[in-house]
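Below you'll find the structure, written out as structure tokens, and then a few comments.
Quick caveat: nothing in here was measured; it's all calculated off a predicted structure.
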Amino acid sequence: MSQERILVTGAGGFIGHHLVKRLKRDGFWVRGVDIKSPEYEPSDADEFELLDLRRWSNCLLAIRGINEVYNLAADMGGIGYITAAHASISHNNTLINTHMLEAARVQGVTRFLFSSSACVYAQNKQKETNVTPLKEEDAYPADAEKGYGWEKLWAEQLCQYYFEDYGLDTRIVRFHNVYGPFGTYEGGKEKAPAAISRKVALLNDGDEIEIWGDGQQTRSFMHVDDCVEGLVRLMASNYVDPLNLGTEELISIDGLVDLISKIAGKKLIKRHDVNKPQGVRGRNSDNSRLRQVLAWEPSISLEHGLALTYNWIQSELSNAGRIPKKVAHAVHG
């Protein structure tokens, strides 16, 4: 096992950073590559290289001497970001994914995992808050989210073509809303659990909290430790088709605010801004195939995972001197 040399692209990002930690604990030699270093703590990678993977020459450099690739590098963020940058996101990710696949083929990589997204699913199947959980085949007939979703769906197809035409052993995982410590919590690219945790941490009991949309839109959320476990299991499997990786624990955004407020020991007044982006009406993962393929599924409850996340974000803000003195510090869960 220790002789396996693994590349994690996007290792300066949230999921990639956690994945590097896990692979090192498992005894692998790991090279991390990203356009930026990890934001909150140094990487555990044996080598960490700053490379822009939109450039072909950098992809060849990243893959040198590598057996397996976890390709997590992507231009992405929360709903506000991915709805405002369709062209740049599509351009950047198309270059990263096409170059990385071809570099893997040229360099003789044995296995290549591509990180796709639940944004590939047909929007016409996500119009109700009580959404029917999405099965892998629900990506077709294609009606993906603009920009990010369409780019991911095409990259999935490209992985399958490389498997069929060149024998590159590809894996395709569709993430459903990953959250946890060491993830971005401000700046415009943060996702709902982190954004709400930040807002709650900075508010006093009884304050007003802004919520994007009417708060009834629903999602499922997966803790990053479960995500990493699923990645490692999928890479070790022989399954080559797209596979959901998420939970089936559906919750509304208002419900998410209530849960985080409970963890923080605060009662807040909700103010909804229906002019802000809110994405599809409902989205949930159907894990039937995940259970069948991996004999496993995510198990960390949302309340427990959010408590870990909230505690970390509150600590970060407190250490930066940004928590108001009147804010309660009792944290539960």
Side-chain angles (χ1 to χ4, degrees), residues 74-87 89-90 93 115-157 172-179 188-196 199 209-223 227 241-260 270-291 297-298 302 306:
D75 184 0
M76 58 85 67
I79 189 65
Y81 180 70
I82 67 172
T83 56
H86 294 146
I89 286 173
S90 300
N93 291 343
S115 56
S116 187
S117 166
C119 291
V120 303
Y121 282 112
Q123 294 182 86
N124 57 29
K125 296 179 180 178
Q126 303 173 77
K127 292 184 175 181
E128 303 294 334
T129 56
N130 190 25
V131 60
T132 300
L134 296 160
K135 297 181 178 181
E136 283 78 2
E137 54 267 29
D138 288 330
Y140 295 95
D143 183 25
E145 289 193 21
K146 289 183 179 180
Y148 185 72
W150 277 105
E151 173 273 318
K152 289 291 189 184
L153 191 60
W154 163 241
E156 286 188 7
Q157 287 295 314
I172 301 167
V173 59
R174 291 176 180 165
F175 291 143
H176 285 254
N177 294 308
V178 185
Y179 72 96
K189 289 190 175 184
E190 67 275 19
K191 295 191 175 183
I196 294 169
K199 291 178 181 181
I209 183 170
E210 181 191 63
I211 300 170
W212 287 15
D214 64 2
Q216 298 306 300
Q217 66 271 35
T218 55
R219 298 291 187 275
S220 59
F221 298 92
M222 171 177 54
H223 190 271
C227 177
D241 293 324
L243 189 68
N244 278 335
L245 184 54
T247 74
E248 297 178 330
E249 189 178 354
L250 193 67
I251 190 171
S252 69
I253 297 303
D254 272 355
L256 192 65
V257 173
D258 290 341
L259 187 52
I260 294 172
K270 301 184 187 74
R271 176 173 60 83
H272 298 94
D273 187 344
V274 296
N275 295 315
K276 291 289 177 65
Q278 56 183 298
V280 294
R281 197 64 181 150
R283 176 181 292 152
N284 196 11
S285 177
D286 185 317
N287 284 354
S288 300
R289 193 161 300 158
L290 179 68
R291 289 188 290 266
E297 68 178 317
L302 184 58
L306 284 174

(message) Within this structure, what is the CD-CD distance for the pair Glu156 and Glu151, rounded to the nearest 0.5 Å?
(response) 10.0 Å
(message) Please check: side-chain N/O of His272 versus main-chain N/O of Asp214, any donor-acceptor pairing under 3.5 Å?
(response) yes
(request) Could you tell me the separation between the OH atom of Tyr179 and the NZ atom of Lys191, rounded to the nearest 0.5 Å? (result) 13.5 Å
(message) Are Val257 and Ile209 packed together at the side-chain level, in the sense that at least one heavy-atom pair is separated by less than 4.5 angstrom?
(response) yes
(request) Run the salt-bridge test on Asp138 and Lys135 with the 4.0 Å N-O cut-off and return the result as yes or no. (result) no
(request) Report the distance from atom OG1 of Thr218 to atom CZ of Arg281, rounding to the nearest 0.5 Å. (result) 8.0 Å
(request) Side-chain contact test, heavy atoms from C-beta onward, threshold under 4.5 Å: evaluate it for Val280 versus Arg219 and give yes or no. (result) yes
(message) For the backbone of Gly246 and the side chain of Asn287, can you confirm whether one donor and one acceptor N or O come within less than 3.5 Å of each other?
(response) yes
(message) With a 4.0 Å cut-off on N to O distance, would you call Glu137 and Arg289 a salt bridge?
(response) yes
(request) Might you point out which heavy atoms bring Ile79 and Pro277 nearest each other, and give the distance in Å? (result) CG2-O, 3.9 Å
(message) Is there a side-chain contact between Leu243 and Val173 in this structure, where contact means two heavy atoms from C-beta onward sitting under 4.5 Å apart?
(response) no
(message) Please determine whether a side-chain nitrogen of the Lys or Arg among Glu145 and Arg283 lies less than 4.0 Å from a carboxylate oxygen of the Asp or Glu.
(response) yes
(request) Show the numbers, then the answer: is there a side-chain contact (heavy atoms from CB on, under 4.5 Å) between Tyr148 and Ser90? (result) CA-CA 6 Å; Tyr148 185 72; Ser90 300; over 6 Å; no
(request) I would like to know whether Met76 and Ser117 meet side-chain contact (heavy atoms from CB on, under 4.5 Å); could you show each step before the answer? (result) CA-CA 11 Å; Met76 58 85 67; Ser117 166; over 6 Å; no
(request) Mark yes when over 12 heavy atoms from residues, nucleotides or ligands other than Asn130 sit less than 6.0 Å from its CG; otherwise mark no. (result) no
(request) Decide yes or no for Ile253 and Trp212: does some side-chain heavy atom of the first lie under 4.5 Å from some side-chain heavy atom of the second? (result) no
(request) For the pair Glu248 and Arg291, find out whether any cationic side-chain nitrogen is under 4.0 Å from an anionic carboxylate oxygen. (result) yes
(request) Using modelled atom types only, decide if a donor and an acceptor are shared between the side chain of Glu297 and the backbone of Leu290 within a distance under 3.5 Å. (result) no
(request) Answer yes when Lys270 and Glu210 have at least one side-chain N-carboxylate O distance shorter than 4.0 Å, and no when they do not. (result) no
(message) Could you measure the distance from the CZ atom of Arg174 to the CG atom of Leu245? Nearest 0.5 Å is fine.
(response) 12.0 Å
(message) To the closest 0.5 Å, what do you measure between CD1 (Ile89) and CD1 (Ile82)?
(response) 6.5 Å
(message) Under 4.0 Å between a side-chain nitrogen and a carboxylate oxygen: does that hold for Lys189 and Asp75?
(response) yes
(message) I'd like to know if the side chain of Gln157 reaches the main chain of Leu153, judged simply by a donor and an acceptor atom lying under 3.5 Å from each other, with no hydrogens or angles considered.
(response) no
(message) Show the nearest heavy-atom pair for residues Glu136 and Pro242, with the distance to one decimal.
(response) CG-O, 3.3 Å
(request) For Ala194 and Glu190, work out which heavy atoms get closest and say how close. (result) CB-CB, 4.4 Å
(request) Output yes when a side-chain donor or acceptor of Asn244 lies under 3.5 Å from a complementary backbone atom of Leu134, and no otherwise. (result) yes
(message) Quick one, Glu249 and Phe221 - any side-chain contact, counting heavy atoms below 4.5 Å?
(response) no
(request) Decide yes or no for Leu306 and Leu259: does some side-chain heavy atom of the first lie under 4.5 Å from some side-chain heavy atom of the second? (result) yes
(message) With a 3.5 Å distance limit and no angle check, can you tell me whether Asn93 reaches the backbone of Ala74 through a side-chain donor-acceptor pair?
(response) no
(message) Would Thr247 and Leu302 count as a side-chain contact (heavy atoms from CB on, under 4.5 Å) here? Give the steps.
(response) CA-CA 9 Å; Thr247 74; Leu302 184 58; over 6 Å; no
(request) Taking atom types as modelled, find out whether Ser252 and Asp254 have a side-chain donor-acceptor pair closer than 3.5 angstrom. (result) no
(message) Checking the side chain of Trp150 only, and the main-chain atoms of Ala144 only, is there a donor and an acceptor separated by less than 3.5 Å?
(response) yes
(message) Within this structure, what is the OG-CZ distance for the pair Ser116 and Phe175, rounded to the nearest 0.5 Å?
(response) 9.0 Å
(message) Closer than 3.5 angstrom, by distance alone: can the side chain of Ser220 be matched with the main-chain N or O of Asn284 as a donor-acceptor pair?
(response) no
